[in-house]
Asks: 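Mind having a look at this structure? Questions to follow.
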Amino acid sequence: MGKQPMELLYRETDPQKIKSSVDSIFKLHTDALSFLTNWTAIPYPFQKIGFAAIPDFQFGGMEHPGAVLYKSSSLFLDDGAIKDQYISRANLISHETAHMWFGDLVTMKWFNDVWMKEVFANFMADKVAEKMMGNQAFDLKFLQDHFPAAYGVDRTLGANPIRQQLNNLQDAGSMYGNIIYHKAPIMMRQLEALMGPVGFQKGIREYLATYANKNATWPDLITILSKHTAADLYAWNKVWVNLPGRPIFSYDVKYQGNRITNFSISQCPEQGELRLWPQVFTLKLVYPNRTTTVKVNMKGVKLDLPNLKGTEKPRYYLFNANGMGYGLFPIDKEMLGAVNLISGPVERASVYINLYENTLAGNYLKPREAIDFYVKMLGLEKNELNLKLLTGYLSNLYWNFIKEEDRNAIHQELEKSIWTIMGQQREANGKKILFNAYQNVYLSEQASKRIIEIWEKKTPPEGIKLTEDDYISLAVSIALRANAPTTVIAQQMERTLNNDRKERLAFLAPSLATDAAERTAFFYSLRSKTNRKKEAWVGSGLSYLHHPLRQRQSQAYLEESLLLLEEIKQTGDIFFPQSWLAAVFGSYQSEYSYQVVQNFLKAHPNYNPMLKDKILQATDNLRRAQKLVQ
């Protein structure tokens with residue numbers, strides 16, 4: 001930092017990506033180092049600053065001091081990248097840089113505290129982002145990055161606490177996941193709110209200074225933090241850190257005439273033993289021409305809000321308006337008809353997330369109704385990050401939670417709506433997000449002809465720039481929908497200039513073949529450890545193999561995919577078991593596939609508990625689909 005040189009090693013060949021990325025990569029590292037040095041009051045702890053970009057690296061990054069390793073595609077972007085990609089790159093660099101202090105300077109004593117280095121890396125990366133982006137943009141990014149991913153595990157029957165027990169180091173890799181990377185930063189933000197930013201920072205600085213070049217545990221940190229607050233951190237720690245799950249909130253309101261006489265909020269666990277999550281969030285009362293916001297400091301089972309007594313009855317209540325609260329919040333259905341009254345992007349994102357979670361829980365809206373709501377919001381939403389969130393939820397509901405015949409009934413209207421909204425969108429990045437959504441959901445012959453023409457002639461819709469990666473993605477979409485032999489992948493390989501991408505496509509080609517025997521051969525080739533070497537490629541191939549349009553055949557591979565899981569854990573990297581399961585089971589909804597999972601678990605009552613949790617997490621949508629897909 002400053003006069004200290006930095007070194008970047010890479011093998012990217014695209015001159016445009018190199019020109020538009022290299023300076024940004026160095027600047028982002030410089031900014032992150034400067035912020036962390038100032039915030040921690042400890043200079044960069046090591047002698048060398050260096051990083052390397054590796055094609056198809058199986059992790060986003062790996063924090064070796066002096067030689068941080070990154071996935072090349074995460075660092076090298078061109079002017080076709082959307083805003084979210086630039087923000088994600090900044091977050092990734094800040095995350096790995098934060099590890100120099102949290103994980104490398106101070107290291108956990110045992111792997112049951114491995115989450116500590118990850119939570120601080122993510123939390124400090126968010127701090128860097130907050131300074132770069134401003135409060136409102138940061139709040140939105142924090143909400144979208146962490147809450148959906150954390151809920152995706154915490155709502156499942158395989159939910160694990162942030163701090164897990166580890167009896168054998170061979171299971172250490174199984175501890176990694178979205179609870180560590182995403183629930184833990186939410187927990188830390190609530191902890192900072194509980195302590196206050198000044199006391200929190202003093203405590204962290206003392207922790208780093210005390211344990212520099214040493215090992216420390218989470219209880220060591222709690223002991224230090226407790227010196228800087230009057231709050232009972234030990235009781236707080238028990239539910240947030242040592243137990244899994246999330247709360248469900250409900251409310252009770254009474255009126256006299258048009259005035260509130262009593263308003264209370266209650267919480268209970270979604271599943272498991274009785275416990276309470278102390279936390280703060282906001283409640284907004286929305287009127288046709290004004291709003292009233294109330295801070296909720298939830299400490300017990302029930303909280304009365306006496307300051308609302310005598311308040312005029314609003315059109316609707318908006319829970320967790322600031323996106324700080326963690327759990328399942330009530331939805332006032334009046335809101336669905338008056339979303340124009342929700343002014344802020346953070347509030348809208350909170351609504352989108354909470355509506356999706358409630359839909360999966362079987363509350364308020366059925367999946368088809370939720371799809372209709374999200375399509376409606378696509379036409380109103382102008383924020384790029386929210387558009388990406390909306391299209392993601394829309395796609396998940398479309399493929400995972402409505403029947404095939406219902407998809408066939410609505411896809412033409414859905415395609416038409418997305419294409420029309422894309423044409424009305426003014427921002428290039430917004431257009432591209434919507435085009436990607438169109439490419440994801442299309443099924444009609446008309447849409448197929450349109451996509452093939454765009455790919456063949458390299459003529460993207462007006463206002464959209466497509467890169468080599470985008471044309472590869474289009475080729476994959478075309479191949480997945482092909483009912484007869486096609487040369488689209490072979491043609492795309494010929495058109496692809498980057499050798500790494502060409503090699504990846506060659507590996508994936510059999511998983512995209514129209515010939516069922518070729519796809520079967522691809523799956524069985526994965527029995528060999530050698531063919532699983534490029535784990536990111538394997539994950540992509542499995543997701544293509546198990547795409548909803550290919551599942552009639554691919555469900556035959558489900559049982560063996562589970563039987564291979566222990567070997568996957570033993571021979572692969574730490575994230576491979578969960579990425580393997582997600583790629584295989586991520587889009588299934590059939591009763592047959594659900595029974596395969598249930599039969600496997602019954603047949604293996606003494607199965608590795610951590611791997612069992614991974615199975616329950618990865619198949620939670622499948623479990624929910626048994627009730628939701630009617």
Side-chain angles (χ1 to χ4, degrees), residues 136 139-140 143-144 147-148 248-265 281-296 305 307-325 327-394 397 413-414 417-418 420-421 424-425 430 434:
Q136 188 181 63
D139 288 343
L140 179 62
L143 176 63
Q144 293 195 15
F147 283 76
I248 297 177
F249 292 95
S250 59
Y251 72 104
D252 182 61
V253 59
K254 292 181 173 57
Y255 303 101
Q256 185 172 356
N258 198 38
R259 299 285 170 177
I260 297 171
T261 58
N262 185 73
F263 194 103
S264 63
I265 301 175
F281 54 87
T282 60
L283 169 69
K284 180 168 279 193
L285 285 65
V286 182
Y287 300 88
N289 54 4
R290 62 185 174 87
T291 61
T292 297
T293 301
V294 178
K295 182 179 179 180
V296 178
L305 298 176
N307 52 333
L308 288 183
K309 187 175 181 179
T311 302
E312 181 185 352
K313 180 181 179 181
R315 178 159 184 183
Y316 62 82
Y317 300 97
L318 178 57
F319 284 82
N320 197 28
N322 64 348
M324 276 283 291
L328 201 58
F329 291 90
I331 290 175
D332 190 333
K333 293 193 78 169
E334 278 291 315
M335 175 195 68
L336 303 178
V339 288
N340 60 305
L341 299 178
I342 306 175
S343 57
V346 173
E347 293 176 8
R348 294 196 300 276
S350 183
V351 168
Y352 302 153
I353 293 169
N354 193 43
L355 188 109
Y356 179 77
E357 292 299 321
N358 273 287
T359 301
L360 264 57
N363 302 331
Y364 304 108
L365 296 181
K366 295 184 184 298
R368 278 282 300 269
E369 293 173 316
I371 287 174
D372 291 340
F373 174 77
Y374 286 137
V375 172
K376 173 185 175 182
M377 294 311 300
L378 281 183
L380 300 173
E381 184 60 69
K382 303 304 178 188
N383 183 279
E384 179 183 321
L385 296 181
N386 277 349
L387 277 176
K388 191 166 185 292
L389 182 69
L390 277 171
T391 55
Y393 281 150
L394 184 62
L397 292 170
E413 188 61 34
L414 180 60
S417 295
I418 294 174
T420 301
I421 294 167
Q424 296 167 349
Q425 177 68 226
L434 289 162

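Residue indices begin at 1 and follow the sequence shown. As the structure is a computational prediction, the values presented were derived from the model and not from experiment.
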Asks: Within the structure provided, determine whether L285 and T311 are in side-chain contact (heavy-atom separation under 4.5 Å).
Replies: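 They are in contact (side-chain heavy atoms under 4.5 Å apart), so the answer is yes.
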
Asks: Ring-plane angle category for F249 and F329, please: parallel below 30°, perpendicular beyond 60°, tilted otherwise.
Replies: parallel

Asks: Just so I know, are the side chains of V253 and L308 near enough to count as touching, which here means a heavy-atom distance under 4.5 Å?
Replies: no

Asks: More than 12 heavy atoms of other residues, nucleotides or ligands under 6.0 Å from NZ of K309: is that the case?
Replies: no

Asks: Could you check whether atom NZ of K382 has more than 12 heavy atoms from other residues, nucleotides or ligands sitting under 6.0 Å from it?
Replies: yes

Asks: Show the nearest heavy-atom pair for residues G379 and I421, with the distance to one decimal.
Replies: N-CD1, 3.7 Å

Asks: Going by the side-chain contact (heavy atoms from CB on, under 4.5 Å) test, name the single residue among L394, L336, T359 that passes it with F373.
Replies: L336

Asks: Judged by modelled atom types alone, do Q144 and N386 share a side-chain donor-acceptor pair under 3.5 Å?
Replies: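 Result is yes, a qualifying pair exists.
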
Asks: Please tell me if the side chains of E413 and V375 come closer than 4.5 Å, counting only heavy atoms from C-beta onward.
Replies: no

Asks: For P148 and L389, work out which heavy atoms get closest and say how close.
Replies: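 Closest pair (atom of P148, atom of L389, distance): CG-CD1, 4.5 Å.
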
Asks: Out of curiosity, S417 OG to D372 CG, how far, rounded to the nearest 0.5 Å?
Replies: 9.0 Å

Asks: State, yes or no, whether a side-chain contact exists between P345 and R348 at a heavy-atom distance under 4.5 Å.
Replies: yes

Asks: Looking at K333 and E369, is any side-chain nitrogen of the basic one under 4.0 Å from a carboxylate oxygen of the acidic one?
Replies: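 No, no charged N to carboxylate O under 4.0 Å.
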
Asks: Are Y317 and Y251 near enough that their ring centres are under 6.0 Å apart?
Replies: yes

Asks: CG of N363 to CD1 of I331: how many Å apart, nearest 0.5 Å?
Replies: 7.5 Å

Asks: Looking at P314 and I260, what are the two nearest heavy atoms and their distance?
Replies: CD-CD1, 4.5 Å

Asks: Can you tell me how far CD of E381 sits from OH of Y352, rounded to the nearest 0.5 angstrom?
Replies: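 Here the rounded value is 3.5 Å.
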
Asks: Drop me the distance from L365's CG to L360's CG, to the nearest 0.5 angstrom.
Replies: 12.0 Å

Asks: Please report the closest heavy-atom contact between F319 and I265, naming both atoms and the distance.
Replies: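 In terms of heavy atoms, the two residues are closest at CE2-CD1, 4.0 Å.
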
Asks: Is there a donor-acceptor contact under 3.5 Å from the side chain of Y374 to the main chain of Y356?
Replies: yes

Asks: How long is the straight-line distance from NZ of K313 back to CZ of R259, given to the nearest 0.5 Å?
Replies: 12.5 Å

Asks: Grab the two heavy atoms, one from R315 and one from D332, that are nearest each other, plus how far apart they are.
Replies: O-OD2, 4.4 Å

Asks: Under 4.5 Å between any side-chain heavy atoms of L318 and M335, yes or no?
Replies: yes

Asks: Could you state the interatomic distance from OH (Y364) to CD (E357), rounded to the nearest 0.5 Å?
Replies: 13.5 Å

Asks: Given the rule in the side-chain contact (heavy atoms from CB on, under 4.5 Å) test, do L143 and I353 qualify, once you have shown the distances and angles that lead to the verdict?
Replies: CA-CA 9 Å; L143 176 63; I353 293 169; 3.7 Å; yes

Asks: So if I apply the side-chain contact (heavy atoms from CB on, under 4.5 Å) rule between I342 and each of M377, K284, E347, which one comes out positive?
Replies: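 Testing each of M377, K284, E347 against I342, the sole residue satisfying side-chain contact (heavy atoms from CB on, under 4.5 Å) is E347.
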
Asks: Indicate yes or no for a side-chain donor-acceptor contact from S350 to the backbone of V346 under 3.5 Å, with no hydrogens or angles considered.
Replies: no

Asks: Look only at the side chain of N358 and the backbone of N354, and say whether a donor-acceptor pair between them is shorter than 3.5 Å.
Replies: yes

Asks: Please name all residues satisfying side chain to side chain contact (heavy atoms under 4.5 Å, CB included) with T391, sequence neighbours left out, ordered by chain then number.
Replies: L378, I433, L434, A437

Asks: Is there a donor-acceptor contact under 3.5 Å from the side chain of N320 to the main chain of M324?
Replies: yes

Asks: I'd like to know if the side chain of T282 reaches the main chain of T293, judged simply by a donor and an acceptor atom lying under 3.5 Å from each other, with no hydrogens or angles considered.
Replies: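 Pair absent, no side-chain N/O of T282 close to backbone of T293.
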
Asks: If only atom types and distance count, is the side chain of T261 paired as donor or acceptor with the main-chain N or O of K254 below 3.5 Å?
Replies: yes

Asks: Compare all side-chain heavy atoms of F263 with those of V294 and state whether any distance is below 4.5 angstrom.
Replies: no

